[in-house]
Amino acid sequence: VARDIARVLGAKDKGESCLIGGGYAVTWALGHLVTLKEPQELDERYTRWRAEDLPILPEKMETKVIKKTKSQFLAVKKLMNDKETRDIICATDSGREGELIFRYIYEQAGCKKPVRRLWISSMTDEAIRAGFDSLRPSADYDALYASARCRADADWLIGMNATRAYTIRYGVLLSIGRVQTPTLSMIVKRRKEIDAFVPKLFYTVRADFGDYQGVYIDKKGERKFENEEAAQQIAQRVSGRSARVTQAAREHKSVWPPLLYDLTTLQREANSRFGFSAKTTLSIAQALYEKHKLLTYPRTDARALPEDYLPTVKEILSVVAQTSSLGKFAQKALKDNYVVFTKKIFNNAKISDHFAIIPTGQEPKSVLSEVEQKIYDLVTKRFIAVFYPPAQFLNTTRTTVVEDYHFVSEGKVMQHPGWLEVYGRTSEDSGSELVPVAKGETPLTVKSDALGLATKPPARYTEASLLSAMENAGKTVEEAELRDAMSEKGIGTPATRAAIIEGLIAQSYLIREGRELIPTAKASQLLTL
């Protein structure tokens, strides 16, 4: 990222851990260079873990330089405080963590020089130039920094105190975290539900009317019987009897395209389709953003675009039309005038730090790996499809009465693929249509069977379903006030959820079995305690 920014600014000469030229020195942070001190670094007495020292509540949360990257921190500090440096431009990721990374370094370096903020969501040369043309005062982002500090301090206070308390109490290292433990709790709870699950047998009655079939439905709309005998009786009574079609409804239904991707939705879909872990999808999307410049900033929780972005979208689609294997669909979207302003897609109120993940409109300069191509195609397909018209279906519902028993039949056929065309669907492979039968016709009940089925246990979590559960965690909270506080928040952030899952695996709380995440005995013990 620093190299790209330096190139745009004309900083071509190599300095000490920096690039210089054009009146700028551009340097970088390798992730975090500064972090919060451990308890024993605040006071030696915390070297020993003792119950009487808990809780540890520092007056001030102090920071330290991370040993592994100390040389880079010293290079940044030297540049910041150099007498030739007039002011500082913070160009870290435009988000909460990016803000924290910079402020930690700035404070640790003891720098007092004025700061301006570069705030961009795309790494193209045009976006970088536009960002430098509209730098903003650092103070505009003080609240963002405060929320980042709040998050970091809360993690520290809960993690350090709870981990020590439980480890001391039970004599085994038990790592506890503000986000990781509630996440683990959901998985262990699901495991308990699966272990305690007892399948229940139920029965349905299916009648064959020659050209079509129907399922028995009672007056309350219920299709299941707990009693086999009752199901068998109905099956016997209607078999071989004359039937009467009493209702034949045809309804046209529109299915609109899904919204653009945020990171969590992209991770979920990549896990479901390709089996990619959340961490893998994030690193691929990050490479497509940083290295290849083909996608916009991936660590986003927004699924909309800025309201002034329509001209940019048309430009991007024009490039996609000429350079992508999906070009014919982009071309059609432009030619048939599908690309118009709609609040569903262009909505400033639905954007936080960043907008949705979309292609940048850059031509691929190098060959993508197979996995990179898969993620790039997923994003490009969604970007094109969101502008297409809805898919049109004809749903048919028919009621057939035999001896006062009602049987319902349903059919669905695609009439126009709309946005599904981008995904390779056509009207030919559209589903099953019911054979046309008019109301009042009297088919014969050729045969009728009582079918025995069993209820299924809840599914084990995959990364896709766990990411969804983390994102929507607030919905499962029973207390109304807490549920409102968590609405549209969930636990973790798009940028941290992958790391949380990987952390639980690294600490032997979870294991991967195929696509499923299985809690270990250690996880169950921790949650029981």
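Computed from a predicted structure; not experimentally measured. Quick note: numbers below take in every heavy atom, side chains included, and nothing from hydrogens, waters or symmetry partners.
Scored by the side chain to side chain contact (heavy atoms under 4.5 Å, CB included) test, Ala162 finds Ile176 as partners (sequence neighbours excluded). In this view, Leu36 and Met61, Thr63, Tyr104, Arg149, Ala152, Asp153, Trp156 satisfy the side chain to side chain contact (heavy atoms under 4.5 Å, CB included) rule, not counting sequence neighbours. Checked against side chain to side chain donor-acceptor pair (under 3.5 Å), Arg512 has the following partners two or more places apart in sequence or in another chain: Glu463, Glu502. Residues satisfying the side chain to side chain donor-acceptor pair (under 3.5 Å) test with Ser94, not counting sequence neighbours, are none. Ile158 pairs by the side chain to side chain contact (heavy atoms under 4.5 Å, CB included) definition with Arg178, not counting sequence neighbours. In terms of the side chain to side chain donor-acceptor pair (under 3.5 Å) criterion, Thr312 has no residue partners (sequence neighbours excluded). Residues satisfying the side chain to side chain contact (heavy atoms under 4.5 Å, CB included) test with Ser185, not counting sequence neighbours, are Leu527. Partners of Asp125 according to the side chain to side chain donor-acceptor pair (under 3.5 Å) rule, which considers only residues two or more places apart in sequence or in another chain, are Arg7.
Thr27 contributes no side-chain N or O that, together with a main-chain N or O of Cys18, makes up a donor-acceptor pair within less than 3.5 Å. A donor-acceptor pair is defined here as one N or O able to donate and one able to accept, closer than 3.5 Å; such a pair exists between the side chain of Thr296 and the backbone of Ile358. Within the 3.5 Å criterion, the main-chain N or O of Ile187 finds no donor-acceptor partner in the side chain of Arg460. The backbone N or O of Leu174 sits less than 3.5 Å from a side-chain atom of Thr167, completing a donor-acceptor pair. Judged purely by atom type and a 3.5 angstrom limit, Thr265 has no side-chain atom pairing as donor or acceptor with the backbone of Tyr261. Side-chain atoms of Thr85 never come within 3.5 Å of backbone atoms of Asn81 as a donor-acceptor pair (strictly under, hydrogens ignored). Under a 3.5 Å cut-off, the side chain of Thr476 and the backbone N or O of Ala473 do form a donor-acceptor pair. Looking only at distances, a side-chain donor or acceptor of Asp43 sits under 3.5 Å from a matching main-chain atom of Arg45. Put simply, the side chain of Asn161 gets close to the backbone of Leu157: a donor and an acceptor are under 3.5 Å apart. Although no hydrogens or angles enter the test, the distance criterion places a donor-acceptor pair under 3.5 Å between the side chain of Asn347 and the main chain of Ala349.
Taking both residues in full, the closest heavy atoms of Ile491 and Pro182 are given as CD1-CB, 4.0 Å, listed atom of the first, atom of the second, then distance. When every heavy atom of Thr69 is checked against every heavy atom of His32, the shortest pair comes out as OG1-O, 4.0 Å. The shortest non-hydrogen separation linking Ala75 to Ser17 is CB-CB, 3.6 Å. Contact detail for Ala464 and Ser272: the closest heavy-atom pair is CB-OG, 3.5 Å. Here the closest heavy-atom approach between residue Leu19 and residue Ala6 is recorded as CD1-CB, 3.6 Å. For the pair Gly31 and Ile101, the tightest heavy-atom approach, listed with the atom from each and the gap, is O-CG2, 3.7 Å.
Donor-acceptor pairing under 3.5 Å is lacking for the side chains of Arg96 and Ser147. Side-chain polar atoms of Glu516 and Thr462 form no donor-acceptor pair below 3.5 angstrom. Defined by atom type and a distance below 3.5 Å, a donor-acceptor pair is missing between the side-chain atoms of Thr92 and Glu97.
Side-chain contact between Ile501 and Ser277 is absent, with no heavy atoms from C-beta onward closer than 4.5 Å. Counting only heavy atoms from C-beta outward, the side chains of Ile89 and Tyr24 approach each other to under 4.5 Å. Contact annotation: the side chain of Leu510 approaches that of Leu184 to within less than 4.5 Å [non-hydrogen atoms, C-beta and beyond]. Residues Leu378 and Phe274 are in side-chain contact: their nearest non-hydrogen atoms beyond the backbone lie under 4.5 Å apart. When side chains are defined from C-beta on, Pro359 counts as touching Val379, because their heavy atoms get closer than 4.5 Å. Using a 4.5 Å heavy-atom cutoff, the side chains of Arg497 and Leu466 are not in contact. At a threshold of 4.5 Å between non-hydrogen side-chain atoms, the residues Arg191 and Tyr461 do not count as touching. With contacts defined as side-chain heavy-atom distances shorter than 4.5 Å, the pair Tyr338/Pro389 qualifies.
Evaluation of the ring pair (Phe, Tyr, Trp, His ring centres under 6.0 Å) test over residues 294-327, restricted to residues two or more places apart or in two chains, returns Tyr289-Tyr297, Tyr297-His354, Tyr309-Phe355. Pairs passing the salt bridge (charged side-chain N to carboxylate O under 4.0 Å, His left out) check and including a residue from residues 369-385, sequence neighbours excluded, read Glu269-Arg382, Glu370-Lys374. Evaluation of the salt bridge (charged side-chain N to carboxylate O under 4.0 Å, His left out) test over residues 466-487, restricted to residues two or more places apart or in two chains, returns Arg268-Glu471. Pairs passing the salt bridge (charged side-chain N to carboxylate O under 4.0 Å, His left out) check and including a residue from residues 283-302, sequence neighbours excluded, read Asp4-Lys293.
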Requested in this report: Apply the test side-chain hydrogen bond (donor to acceptor under 3.5 Å, both in side chains) to residues Thr493 and Thr496: give CA-CA distance (whole Å), side-chain angles for both, the deciding distance (0.1 Å), then the verdict.
Outcome: CA-CA 5 Å; Thr493 68; Thr496 61; 3.1 Å; yes
Query raised in the report: ring-ring contact (aromatic ring centres under 6.0 Å, His included) between Phe102 and Tyr106: does it pass, once the steps are laid out?
Result: CA-CA 6 Å; Phe102 171 77; Tyr106 181 78; 5.6 Å; yes
**Report entry** Residue pair Asp262, Ile357: steps toward the side chain to side chain contact (heavy atoms under 4.5 Å, CB included) verdict
**Finding:** CA-CA 6 Å; Asp262 61 3; Ile357 306 170; 5.7 Å; no
Query - Worked verdict on Trp28 versus Val1 for side chain to side chain contact (heavy atoms under 4.5 Å, CB included) - result: CA-CA 8 Å; Trp28 44 86; Val1 174; over 6 Å; no
Query - side chain to side chain contact (heavy atoms under 4.5 Å, CB included) between Leu368 and Leu294, intermediate numbers included - result: CA-CA 10 Å; Leu368 300 182; Leu294 293 177; 3.8 Å; yes
**Report entry** Test side chain to side chain contact (heavy atoms under 4.5 Å, CB included) applied to Leu173 and Gln507, step by step
**Finding:** CA-CA 10 Å; Leu173 180 61; Gln507 291 167 52; over 6 Å; no
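The CG atom of Leu288 lies 9.0 Å from the CD atom of Gln373; values are rounded to the nearest 0.5 Å. With values rounded to the nearest 0.5 angstrom, Ile351 atom CD1 is found 10.0 Å from Phe346 atom CZ.
Salt-bridge annotation for Asp133 and Arg129: absent, with no side-chain N of the basic residue lying under 4.0 Å from a carboxylate O of the acidic one. Using a 4.0 Å cut-off between charged nitrogen and carboxylate oxygen, Asp87 and Arg116 count as a salt-bridge pair. Salt-bridge formation is not detected for the pair Glu107/Arg103: no Lys NZ or Arg NE/NH1/NH2 atom is positioned less than 4.0 Å from an Asp or Glu carboxylate oxygen.
For Lys189, the NZ atom sits in a loose shell: 12 or fewer heavy atoms of surrounding residues, nucleotides or ligands are nearer than 6.0 Å.
Classified by interplanar angle (parallel below 30°, tilted 30° to 60°, perpendicular above 60°), the ring pair Phe387/Phe383 is perpendicular.
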